[in-house]
Amino acid sequence: MNMQIDLKRFQETFFEEAEEHLGTIEAGLLQLSESGADAELLNTIFRSAHSIKGAAGSFGFTELARLTHVMENVLDGLRSGRRAASSELTQKLLRASDRLRDLVAATRRGEAASVPTDDVVAELEAELAAPQGAPHAAPAAAAIAATAPAESVHRIEFEPAREFFRQGQDLFLLLRDLAELGTVESIECRREALPALEQLDPESSYLSWVVRVRTARPVRELRDVFLFVEDACRLEVTTESPAAVASPAAPSMPASERRSGTQRRAEASTIRVPTGKVDALINLVGELVISQAMVNQAITGFELTPQLAEALAVVQRSTRELQEQVMAIRMLPIGTVFNRFPRLVHDLGMQLGRKVRLEIEGAETELDKGVIEQLGDPLTHLIRNSVDHGIESAADRVTAGKPEEGVVTLRAYHEGGNVMIEVADDGKGLDREKIRAKAIAQGLVREGATLSDEEAYALIFAPGFSTAAVVSDVSGRGVGMDVVKRNVESLNGAITVKSETGKGSRFRIRLPLTLAILDGLSVRAGREMFILPLLSIRQSVRPQAEDVKTVLGGRGEIFVLRGEQLPLLRLSRLFHIAGAVEEPVNGIVVVTETDGHRFGVLVDDVVGQQQVVVKSIERNYRKVESVMGATILGDGRVAFIVDVAELLRVATRRRGTDETEPARAANAATAGEGV
Amino acid sequence: MVAPENAHVPPAGDSIRIETSEGLTTLRLEGAIGVAQARALHARALELASQGGDVTVRASLVSHLDAAAVQVLIALSAALKSRGRTLAIADLPVSVSHTLQLAGLGTAL
């Protein structure tokens, strides 16, 4: 067994935890600015800053430790009541927290030096050095401020667990932090557990300490020193001499209150596992699902004994359950991405001088980690747009009979095996006529063309489309909504928009629960197999000869479905497959829909519906046009999984028509496609 | 926990080295000696314990010494003492000495 400590691994854990703490700090500071000082809130922010500082010091990330140290001092002043919370101070702390985020990211890349911190550190140090007025009635310590704090002597027994060092911890730093909270009356290092040199494991911890500290600080603060290591130590804090003057606001923790690390460990209900390990497990289960399909195929036609048939059924059921359980491991609450937006809305509101509030619903809705990671950018853009273009100025809102404060709502919920995310605002709504005029000016729509609301609003997703009269710092650069659409589609999702003049707009994103498996329809073209995502399929039809018509001088085909004319694409022609069905009557038309565009896909045969494990082609080979991935079928053959939206775009582009025309225009254009 | 026989001992490089000159054995430490260096330090300590004579630790170039390193040095000191030999620490930088005092280890080495 290799016992060498892999500090890199611990550092990775530190960075992940630092991200979480940064989120807590930021959310806490925002709440502080909105609802004022609150003891528990200040403690929460303080603890997160403290945790980052402690671990950063252990890893030798001195700049991180320096910045968090000064933040911690300011926060400590707030929670002890020595300093008053003000919006100016909160802004300074938010600036420091932004810089801290940059610094954490840069340190992770090994480029800590690229992020200067002197200015924010100096700003906070100036705050610390500035004379404070009368003691502030901070909620945690109003009474302490009013009366002279009484000192107590606390006995702290601290025994790091054997594996303490393997967590990358430097316990001398903890002892130093402890000493800074008061006067160390005595400190004893116990060495009874230290084995002889020959038996010593140098990466295990054997020493323990008994420290007696005289301080006016509450026991909670003494415990906070060990916050980051509470699961890796035994800690007992007892108060030896009671405070001379009882302080009603800061009662000493009773001596009977002892909480050992062992007890705390028992409370831990989660474990932290690297994503790579989960992905490897998912991959393996994917292979198992494929093998299972192969077994099923191999036994087709055999007469099975009842026992064997039952055993196979059990294996099949267990495999499916295993797959579902493993997939569930990758699921994260969408709140992990939603949490960044209160800050965004707060900052945008300040920047634009608008009163705006963000309401979040369904933050607990779970979604695949891979999907969540890619949602940040599109959602940021939609929210920016809502605040910048949607919400009116306070004066305009009052004139329109609305409350001064605008509301942007971010909502997530499940609907029919998908996750829906909505970004809605109660602003002025999209200006249909302005969009139409702009689209005509940009040549996206013909003059005089009639557009339904849906078609008009869909134009905002066209590349370079923006109706903003002034290009602002916030949005309106004419890029973005098309990127939002592409981002969503790359997640196998779709985005739509609804709007009502004077009442607001609502963007709705539909996403699959996961990218790793997909419900698909397996179809055949020539000797090749393809998978069409079930989500996009409306129905399959064996066409009659009169249902298929040639248009545009033989360059395109349409399929008539109950009077509705749909563009018809031949899969075999798009993928250049020889030996496929030529006469449509000998094949099947799969009616497919993407972004409101309906079209028919002609295939030789529909083989069946199945759940497939998506394998990336891009990662293993290169991007293949109109293909989102591949899968291995039960008979061992590889089948492409068709990217339906891209298939339509490619077909449209080959004909040379702008793909961003609204549904009717695109459908009409694609009807002329000779594929 | 006892380190397994085949535990990997990282190369100490130049930061932990044994020098013997005119019958004097010196363990020279440089830079940060922490948990990442503890196994290498332990390996050198075992070498020193198996040799004869007193040992002086030269630590003037040590920037940081953590508890994992300190407990190896304490164990080495005890091992030498049981053999009638001594371990002396020389030139410990003030900052490191201060840290050890704060940790109640001012007289441990």
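Side chains included, hydrogens not; waters and symmetry mates left out as well; all remaining heavy atoms used. The chains referred to below are lettered A, B, ... by the order of the sequence lines, with proteins before strands, and numbering in each begins at 1.
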CG of B:Asp66 to CZ of A:Phe172, rounded to nearest 0.5 Å, is 7.0 Å
Atom group of B:Leu65 that falls short of 4.5 Å from chain A, counting heavy atoms = backbone
Intermediate values then yes/no, side chain to side chain contact (heavy atoms under 4.5 Å, CB included), B:Leu46 and A:Leu197 | CA-CA 7 Å; B:Leu46 287 171; A:Leu197 183 67; 3.9 Å; yes
Scanning both residues in full, the closest heavy-atom pair of B:Ala103 with A:Cys189 reads O-CB, 3.9 Å
Which region of B:Leu105, side chain (C-beta onward) or backbone (N, CA, C, O), has a non-hydrogen atom less than 4.5 Å from a non-hydrogen atom of chain A, or is it both or neither?
-> side chain
Quick one: which of A:Val184, A:Leu194, A:Leu178 has the most heavy-atom pairs under 4.5 Å with chain B, could you say?
-> A:Leu194
Please report the shortest heavy-atom distance between B:Gln71 and A:Tyr206, naming the atom on each side.
-> OE1-N, 3.2 Å
Tell me, for B:His98 versus chain A, whether the close heavy atoms (under 4.5 Å) come from the side chain, the backbone, both or neither.
-> neither
Can you tell which part of A:Leu207 gets under 4.5 Å to a heavy atom of chain B, answering side chain, backbone, both or neither?
-> both
Under 4.5 Å to a heavy atom of chain B? For A:Pro195 that would be backbone
What's the spacing between A:Leu173 CG and B:Leu102 CG if we round to 0.5 Å?
-> 10.5 Å
Where on B:Ala78 is there a heavy atom nearer than 4.5 Å to chain A: the side chain, the backbone, both, or neither?
-> neither
Pairs of heavy atoms under 4.5 Å with chain A: top-ranked of B:Ala68, B:Ala38, B:Ser77 = B:Ala68
Proximity breakdown for A:Leu175 and chain B, heavy-atom pairs closer than 4.5 Å | side chain
Give, for atom CD1 of A:Ile187 and atom CD of B:Gln101, the distance between the pair rounded to the nearest 0.5 Å.
-> 11.0 Å
